[in-house]
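Within every chain, numbering begins at 1; the chains are lettered A, B, ... in the order of the sequence lines, protein sequences first and strands thereafter. Every heavy atom of this structure was used, including side-chain atoms; hydrogens, water molecules and symmetry mates were not.
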Amino acid sequence: MYEQFKARAVGVGAEVHRVGTCSDAVEFVLSFLKQEGVTDTAGSYAVWAKGPFLEAAGQESLAGIPGLGFEVTRERAAQAKVGISDMSFAVADTGSLVQDQAAPDQRLASALTGIHIALVPSANIVADKAALFARINPKNSRYIAFITGPSRTADIERVLTIGVHGPERLIILFVDELGGEKK
Amino acid sequence: MKQEFKASIKRALNDANLTGALGKFSEAYKVNRTKAYEGIDFEELRGRIAEAKSAAACHLDEVAETFRKNAEALGAKVFLTSDPEEVKQYILKVARDNGVKNVVKSKSMATEEIHLNKALVEQGISVAETDLGEWIIQLAGQTPSHMVMPAIHMTKEEVADIFSKEVNERLDTDIPRLVKVARNELRPKFLEADMGISGGNIAVAETGSIVLVTNEGNARLVTTLPRIHVALIGVEKLVEKFETVVPILDALPRSATAQLLTSYVSIITGPTQNDDGSTKELHIILMDNQRTQMAKDPKFKQALQCIRCGSCLNVCPIFRLVGGHVFGKVYTGGIGTILTAWFDELKKSEEIQGLCIQCGNCTQVCPGKLDIPEMIMEIRRRLVLEKGQPLVQKAIFSVVNNRKLFHGMLRAASVAGKPFTSGKFIRHLPLFLSELTDGRSLPAIAEKPFRDLYAGIQQPKGKEKAVFYAGCLIDFAYPETGVALVKLLNKAGIEVVFPEEQTCCGAPALYSGAYEVAAQNAADNITALLEQDAQYVVSACPTCTVALAHDFAKTLEAVGRTEWLDKAKQLAEKTVDLATLVKHLVDEGRLSFQEGAELGKITYHDSCHLKRTLKVSEQPRELLQQAGYQVEEMFECDMCCGMGGSYSMKLPEISAPILKRKLKNIKETGAPLVAMDCPGCVLQISGGFDQDGAAVRVKHTAELLAERLKD
């Protein structure tokens, strides 16, 4: 299902990667932030929304990275180049990510930033919406968000253009250690 | 008014950008949509959607009440009203109570429906549309021309001009750059807004959830950043169960824009926290505005199954030519015509309903299983009931209801027309008669109608008999098609009987909304055709076949002549189109064609009624191949040729470019011959080639097959 997911997600413009451990994931993210020139100036921040990944990997180990913050305020997110957040599920047949985003910082980190890095437990790939709906429940999740590729529009002359109000890039990182077999 | 409407059509047709952009889009859409639905059983999917939405529409009050109860239990405020004025007052009050100065909106057709922006602006509240297309038309002071792609009618040059004014800087036409400008301009508006207004694609009663489907990401910001969220949702968006979200999400993006899923889908269930820790104020307004009335109307109840994907617009040959603005102010296209008649008033649909050519393209793709052409016919009928028939039409139809007089006039037209038949571009009968009254060119009527030729045909007397229903066009303009039909059936040992009393099938009257006339036609024909004890009633005109097999009963029922229904059913059961019958006879080995012939390339045009109502498309192709032709498919083989009966006469400015496109597609196959199974299409397409000058022969399949029969 991972291969199917990857093909579908890449098909709608997402970038898909997979690592084994949480520390591999941290390494991936940090080198990415460096590469993108994330710094302590407005417009170049990175925000990392609290969630299962930070709990598992330990936020302390990430202290002192220039430009990276864990307090996701609207001001900070609006000035952020990169937003990092968790996703609960990946849906293989449409290449979609799904997450309970009732906490607004999860939404801000994935909606206002220029690049969104989504961390997903490898074990939580489901086949399709029907399989997904067996595992989500609106009674427990007040804001269920589906994300399929980066933000897009075709409102001017039907020309597909990426990144209107949401991120221009969606980078999906599957992490085996968060749940799921080793690679 | 009439003039104004015609002028708006002319303007649209002369807008090269509009027709170019829409034409390109609808051609690409067809291919992309097919791809998006690969591996999905569309019939099964739309069956589930139609069933779930229809079930909700059956008891809207209860479903809305369940929604209210569940959403309120979570802390949302739910307001249910039938009155658009109350919607505006409610939103204004929420705004006043909270000192709202700035509103950001995510695209919502329901707010367009009630002209909400105007009401807010009048109260000094600034409103920003944030969907790119909506923002463009807001800045341009226009209305949406498509419910999914509101600014599809505009060029990048126009958008650059509009944005340049907005940012006080000369912008060029680079589209990604223009999109960036929109992002930069709208970003502060999102951050400053006190109220976000959205629509809702689905409202789930069971859980009190609303579902928002978008691509740009603006709905996420509208529902996240402002401390108040107001969702305005038409009650037709209600479904009972959470599980119904799945089929709707499967169909909506695929049908709307040929995507597997949009970039974003948000399922919101009760208020969430704001980023300052306070709880969001969530108001959900369920708006009725005539929808319950529609649900109670047996003919229009199905309209509530619509999921607003806009695919009926994307495949409409008329919409692709004229765009949305000709159709009216808010909802456009086929579904828009119906919604305008209900949400606005019946009278407002008087002109736009005439745009529908009844080709049925939309019925094939609708994920809610709506029969839009049928509902538009019903609008026509009600308009006629309300206003009466126009005088000229009334005069014509009074002739049509008197077979002897009608046929007498057709014969007279043949004689009277003779000196004038230079152009062969004749019109669908019997409405050509109105041209007589207009003093315009006369149609080319055959010297001898089929009914006169019939008497001279020697036939084998067999046990098996088929009644031939010729229809006006074959009888009086193309008798050779009738002769070919007799030859084909005789060869298989079937005797063809031709009841003299048969008359017009009533389709012209029916399609004009004159149901009483059509019902009388139906009754006369039922009597004439059932008099003979025959196994089949066969026709070589799909419009007539549809009349006999589907419309007679419905028409008679609509005017309350229920005593005819049994007989109408009997007739319907015997009725068959010629291609299906011949294919059957060939398969049974009762008919065969000369062997070893290689007749070269031929292309086949699917007639709307044959392909979509009667579901016949393979049979004629197989027969032509068996007869020795090599079938070369044309692009958009099943797209309407622009005939549409009297349509080509009422709206020639639309019919002509549709025909032109058809001719081009035929020519591009390189085949010297095009076959079709409808005399109306023969008339339209041969008339077109007559003007065009291309050496393409146009033939009814019956004639081509009859030529190739084994001796």
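- With a 4.5 angstrom heavy-atom cutoff, B:S209 touches chain A only via side-chain atoms.
- Heavy atoms closer than 4.5 Å to chain B are found nowhere in A:D128, neither backbone nor side chain.
- Heavy-atom pairs under 4.5 Å with chain A were tallied for B:V211, B:N218, B:N17; the largest tally goes to B:N218.
- Panel note: side chain A:S151, backbone B:E216; a donor-acceptor pair is recorded below 3.5 Å.
- Side-chain contact between A:L108 and B:L225: present, with at least one pair of heavy atoms (C-beta onward) separated by less than 4.5 Å.
- Here the closest heavy-atom approach between residue B:T269 and residue A:S141 is recorded as OG1-O, 4.1 Å.
- With contacts defined as side-chain heavy-atom distances shorter than 4.5 Å, the pair A:I147/B:Y264 qualifies.
- Using a distance-only test at 3.5 Å, with no hydrogens or angles considered, a donor-acceptor pair links the side chain of B:S263 to the main chain of A:P150.
- Using a 4.0 Å cut-off between a side-chain N of Lys or Arg and a carboxylate O of Asp or Glu, B:K24 and A:E157 do not qualify as a salt bridge.
- In summary, the side chains of A:S110 and B:R220 do present a donor paired with an acceptor at a separation below 3.5 Å, with no hydrogens or angles considered.
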Apply the test side-chain contact (heavy atoms from CB on, under 4.5 Å) to residues B:L132 and A:I156: give CA-CA distance (whole Å), side-chain angles for both, the deciding distance (0.1 Å), then the verdict.
CA-CA 8 Å; B:L132 180 59; A:I156 305 175; 4.1 Å; yes
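- Per-residue counts of heavy-atom pairs under 4.5 Å with chain B were compared for A:A130, A:A111, A:G149; the largest is that of A:A111.
- Distance check: B:T214 OG1 to A:H165 NE2 gives 9.0 Å after rounding to the nearest 0.5 Å.
- With chain B as the partner, the residue from A:V164, A:T94, A:L170, A:I162 showing the most heavy-atom pairs under 4.5 Å is A:V164.
- Applying side-chain contact (heavy atoms from CB on, under 4.5 Å) to A:S96 and the options B:L261, B:L249, B:T262, B:V265 leaves one that passes, B:L261.
- Residues B:L221 and A:L112 are in side-chain contact: their nearest non-hydrogen atoms beyond the backbone lie under 4.5 Å apart.
- Both the backbone and the side chain of B:P271 come within contact range of chain A, each with at least one heavy atom under 4.5 Å from a heavy atom of that chain.
- If you take CG on B:N215 and OG1 on A:T153, they are separated by 7.5 Å, rounding to the nearest 0.5 Å.
- Note: A:R74 CZ to B:N274 CG = 7.5 Å, rounded to the nearest 0.5 Å.
- In this structure, B:W135 CH2 and A:D155 CG are separated by 12.5 Å, a value rounded to the nearest 0.5 Å.
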Working note: A:F146 + B:V213, criterion side-chain contact (heavy atoms from CB on, under 4.5 Å); need CA distance, chi angles, decisive distance, verdict.
CA-CA 9 Å; A:F146 288 59; B:V213 179; over 6 Å; no
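- Enclosure of atom CD in B:E72 by more than 12 non-hydrogen atoms of other residues, nucleotides or ligands within 6.0 angstrom is indicated.
- If you measure heavy-atom distances from B:L191 to chain A, the contacts under 4.5 Å come from both the backbone and the side chain.
- Within 6.0 Å of atom CD in A:Q59, more than 12 heavy atoms from other residues, nucleotides or ligands are found, so the atom counts as buried in its surroundings.
- With chain A as the partner, the residue from B:I268, B:D276, B:D131 showing the most heavy-atom pairs under 4.5 Å is B:I268.
- Between A:T148 and B:Q259, the closest side-chain pair of non-hydrogen atoms is not below 4.5 Å.
- Residues of residues 150-163 of chain B that come closer than 4.5 Å to chain A, counting heavy atoms only, are B:P150, B:A151, B:I152, B:M154, B:T155, B:K156, B:E157, B:V159, ordered by residue number.
- Heavy-atom contacts from other residues, nucleotides or ligands closer than 6.0 Å to NZ of B:K180 number 12 or fewer.
- No side-chain donor-acceptor contact under 3.5 Å links A:R8 to the backbone of B:L260.
- In this structure, the separation between NZ on A:K139 and CG on B:L74 is 9.0 Å, given to the nearest 0.5 Å.
- Scanning all heavy atoms of the two residues, the minimum distance from B:T272 to A:R142 falls at CG2-CB, 3.8 Å.
- Rounding to the nearest 0.5 Å places CD1 of B:I175 at 6.0 Å from OG1 of A:T161.
- The environment of NZ in A:K129 is crowded: more than 12 heavy-atom neighbours from other residues, nucleotides or ligands sit within 6.0 Å.
- The residue among B:T223, B:I136, B:T257 with the most heavy atom pairs within less than 4.5 Å of chain A is B:T223.
- Ranking A:A77, A:A145, A:G166, A:G95 against chain B, the residue ahead of the rest is A:G166, based on heavy-atom pairs under 4.5 Å.
- When side chains are defined from C-beta on, A:Q101 does not count as touching B:T224, because their heavy atoms never get closer than 4.5 Å.
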